[in-house]
Amino acid sequence: MSRPTRVVHVITTLTTGGAERQLELLVERSGAQSRTLCLYEGGPVADAMRRRGHHVDVLGMAGWRKPLAIARLARELRRLRPDVVHVHLLAAQLWGIPAARLAGVPVVVSSEHSLMADSIEGRPLTAWLRRVYTGLEALTDHTVAVSATTADRLVAWGVARSRISVIDNGIDLDAVRPRAGDRERVRAELGVPEGSTAVVVVGRLDPVKRVDEVLRALAPRLLAGGHVLLVAGAGSLRPGLESLAGELGIAPAVRWLGARDDVPAVLAAADVLLSASRDETFGLAVLEAVAGGLPSVFVQCPALEELGTLPEGVARADGGGPEALSAALDDLTARGLHRRPAPAAVVERYDARRTAAAVDALYADQLVHDRRSSRRAH
């Protein structure tokens with residue numbers, strides 16, 4: 001009987017975020033023998049993975065240690081002797097790909113989670129960054145795009161389509177289903193008045209998420225009463241957003257939740273999700289809300305757009321400004337802000353088990369290709 005494929009995942013941190021949670025789901029469901037190396041720091045996702053018995057090592061290579069990252073990673077990879085190194089996010093690509101090649105790892109795979117139309121992980125898409133990115137990509141065996149939209153952006157940036165596989169992000173369908181008692185418990189914890197409509201925003205507080213537009217769109221409703229806004233996420237923009245809420249006179253109706261490790265419970269407490277981001281690679285927060293049956297308004301969500309037909313209980317705010325967000329929320333409210341079953345198309349396409357199986361198949365295919373190439377070279 002053949003042994004499992006040995007895979008080392010390399011990522012910057014395992015705090016919170018879509019890429020981090022995707023790695024967690026992949027490791028949990030993959031048939032490979034996995035180990036994860038965090039370049040900078042661990043965090044809640046790392047802690048959760050360890051509790052379930054997965055190997056997570058934090059290398060602490062931030063600050064002055066960064067110049068040593070490639071050499072240290074290469075030594076670690078020589079010790080671990082993986083069949084595959086799988087890198088996630090830009091810094092991990094920068095250090096992890098050269099280290100894997102120096103260590104003689106047979107197959108190197110890179111997942112692209114965060115390539116936007118004009119930025120990557122908050123960095124503008126400059127000509128210099130493009131040269132660095134495509135140079136690193138040439139050292140890999142294959143790139144995984146988390147959506148067809150991401151694949152198109154990679155091709156436009158100079159990556160050959162033949163070197164890209166679209167493997168959709170996955171969701172834990174069991175975790176996103178509302179649990180009995182969550183709604184009442186969380187609403188009581190957050191002081192949501194009985195009978196109020198709770199609108200929720202989920203995501204980091206940075207410019208791409210455009211939470212300021214949500215505040216402006218909801219201001220008339222929040223001022224009139226009967227609505228509460230729940231903001232689940234942390235980030236550097238929070239002080240400015242709190243000031244804006246004060247200027248708009250809506251501060252008493254906004255609950256700043258910070259980063260939560262119980263997002264499904266927060267979604268259970270809400271009546272509708274509102275996402276103003278117009279530059280997404282996948283739209284995980286929106287997809288999880290929809291899979292949990294929560295009515296949702298979004299500006300951009302490739303995961304839903306690629307289905308062709310939007311599920312019932314979902315509205316798109318074309319244009320994305322406060323007026324468009326408000327109009328889409330009006331439309332959805334008229335249709336009824338009630339829970340619906342998880343859409344069959346979402347369940348079929350985005351189950352995390354399907355994602356993990358596709359990644360495992362990619363590893364196997366690349367290893368076969370590597371063995372054939374080795375024989376030819378010999």
Side-chain angles (χ1 to χ4, degrees), residues 1-15 19-43 45-63 65-113 136-144 165 167 355-374 377:
M1 184 175 180
S2 62
R3 63 169 175 79
T5 302
R6 291 193 298 261
V7 179
V8 170
H9 294 276
V10 181
I11 194 166
T12 49
T13 70
L14 282 174
T15 50
E20 293 87 339
R21 290 168 55 211
Q22 282 302 303
L23 189 151
E24 178 186 15
L25 289 174
L26 175 58
V27 168
E28 186 73 18
R29 288 156 180 78
S30 172
Q33 186 181 85
S34 300
R35 192 177 199 103
T36 302
L37 301 181
C38 296
L39 294 178
Y40 303 153
E41 61 178 314
V45 175
D47 296 340
M49 291 175 67
R50 286 177 177 137
R51 285 195 297 270
R52 289 193 292 273
H54 301 298
H55 294 286
V56 177
D57 299 316
V58 178
L59 303 184
M61 293 193 296
R65 297 179 180 87
K66 283 185 181 180
L68 307 175
I70 292 176
R72 183 176 173 188
L73 265 176
R75 286 198 304 272
E76 188 70 6
L77 293 173
R78 288 191 194 101
R79 182 182 71 82
L80 295 173
R81 299 181 62 192
D83 303 302
V84 178
V85 163
H86 192 160
V87 297
H88 308 259
L89 300 177
L90 188 60
Q93 293 163 344
L94 182 62
W95 309 123
I97 293 171
R101 287 310 181 202
L102 283 172
V105 176
V107 169
V108 181
V109 173
S110 176
S111 274
E112 184 46 63
H113 299 268
L136 290 168
E137 188 276 334
L139 295 175
T140 69
D141 294 283
H142 210 70
T143 293
V144 174
S165 289
I167 301 179
T355 299
V359 173
D360 284 349
L362 176 64
Y363 295 157
D365 180 67
Q366 291 300 312
L367 285 167
V368 168
H369 183 269
D370 174 73
R371 285 192 287 271
R372 289 173 179 166
S373 299
S374 297

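Along the sequence shown, the residues carry numbers beginning at 1.
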Novice: Between CG of L362 and OG of S111, what distance do you get to the nearest 0.5 Å?
Specialist: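 One finds 8.5 Å between CG of L362 and OG of S111.
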Novice: Only distances under 3.5 Å count here; give the side-chain donor-acceptor pairs of residues 89-97 to other protein atoms, sequence neighbours excluded, each with its distance to 0.1 Å.
Specialist:
| residue | atom | partner | partner atom | Å |
| --- | --- | --- | --- | --- |
| Q93 | NE2 | S110 | OG | 3.0 |
| W95 | NE1 | Y40 | OH | 3.3 |

Novice: Checking D83 side chain against R6 main chain: does a donor-acceptor pair fall under 3.5 Å?
Specialist: yes
Novice: Is any side-chain heavy atom of D141 closer than 4.5 Å to one of H369?
Specialist: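 SC-SC contact between H369 and D141 ruled out.
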Novice: Taking all non-hydrogen atoms of both residues, which atom of R65 and which atom of G60 are closest, and how far apart?
Specialist: CD-O, 3.0 Å
Novice: L102: what forms a side chain to side chain contact (heavy atoms under 4.5 Å, CB included) with it, not counting sequence neighbours?
Specialist: I70, A74, R78
Novice: Check R50 against V56 and note the closest heavy-atom contact, atom names and distance.
Specialist: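 Reported closest heavy-atom pair: NH2-O, 3.2 Å.
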Novice: Apply side chain to side chain contact (heavy atoms under 4.5 Å, CB included) to A32 and list each qualifying residue two or more places apart in sequence or on a separate chain.
Specialist: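 Counting only residues at least two positions away or on another chain, A32 forms a side chain to side chain contact (heavy atoms under 4.5 Å, CB included) with T5, V7, S30, S34, D360.
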Novice: How long is the straight-line distance from CD of Q22 back to OG1 of T355, given to the nearest 0.5 Å?
Specialist: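 Reported value, rounded in 0.5 Å steps: 6.5 Å.
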Novice: Do any pairs count as a salt bridge (Lys or Arg N to Asp or Glu O under 4.0 Å) and have a residue in residues 88-97, sequence neighbours left out, and if so which ones?
Specialist: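 The answer is none; no pair qualifies.
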Novice: Just how far is it from atom CE of M61 to atom CD of E41, taken to the nearest 0.5 Å?
Specialist: 13.0 Å
Novice: Please name all residues satisfying ring pair (Phe, Tyr, Trp, His ring centres under 6.0 Å) with H88, sequence neighbours left out, ordered by chain then number.
Specialist: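 Ring pair (Phe, Tyr, Trp, His ring centres under 6.0 Å) check on H88 returns H9, H86, H113.
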Novice: Evaluate the criterion side-chain contact (heavy atoms from CB on, under 4.5 Å) for residue pair V108 and L139; output intermediate values, then yes/no.
Specialist: CA-CA 8 Å; V108 181; L139 295 175; over 6 Å; no
Novice: Can you tell me which residue pairs pass the side-chain hydrogen bond (donor to acceptor under 3.5 Å, both in side chains) test with a partner in residues 51-61, sequence neighbours excluded?
Specialist: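 Of all non-adjacent pairs touching residues 51-61, those that pass side-chain hydrogen bond (donor to acceptor under 3.5 Å, both in side chains) are E24-R52, E28-R52, E28-H54, R35-D57.
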Novice: Grab the two heavy atoms, one from T13 and one from T15, that are nearest each other, plus how far apart they are.
Specialist: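 What the structure gives for the nearest pair is OG1-OG1, 3.3 Å.
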Novice: Show your reasoning for whether side-chain contact (heavy atoms from CB on, under 4.5 Å) applies to L23 and V27.
Specialist: CA-CA 6 Å; L23 189 151; V27 168; 3.7 Å; yes
Novice: In Å, rounded to the nearest 0.5 Å, how long is the span from CG of L77 to CZ of R101?
Specialist: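 Between L77 CG and R101 CZ, I get 11.5 Å after rounding to 0.5 Å.
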Novice: How close do G42 and A46 get, heavy atom to heavy atom, and via which atoms?
Specialist: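 So the two residues come closest at CA-CB, 3.9 Å.
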Novice: Measure the CG-CG distance between L37 and L14 for me, rounded to the nearest 0.5 Å.
Specialist: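 These two atoms lie 10.0 Å from each other.
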Novice: Indicate the atoms forming the closest heavy-atom contact of P82 with P106, along with that distance.
Specialist: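 The pair with the smallest heavy-atom distance is O-CD, 3.5 Å.
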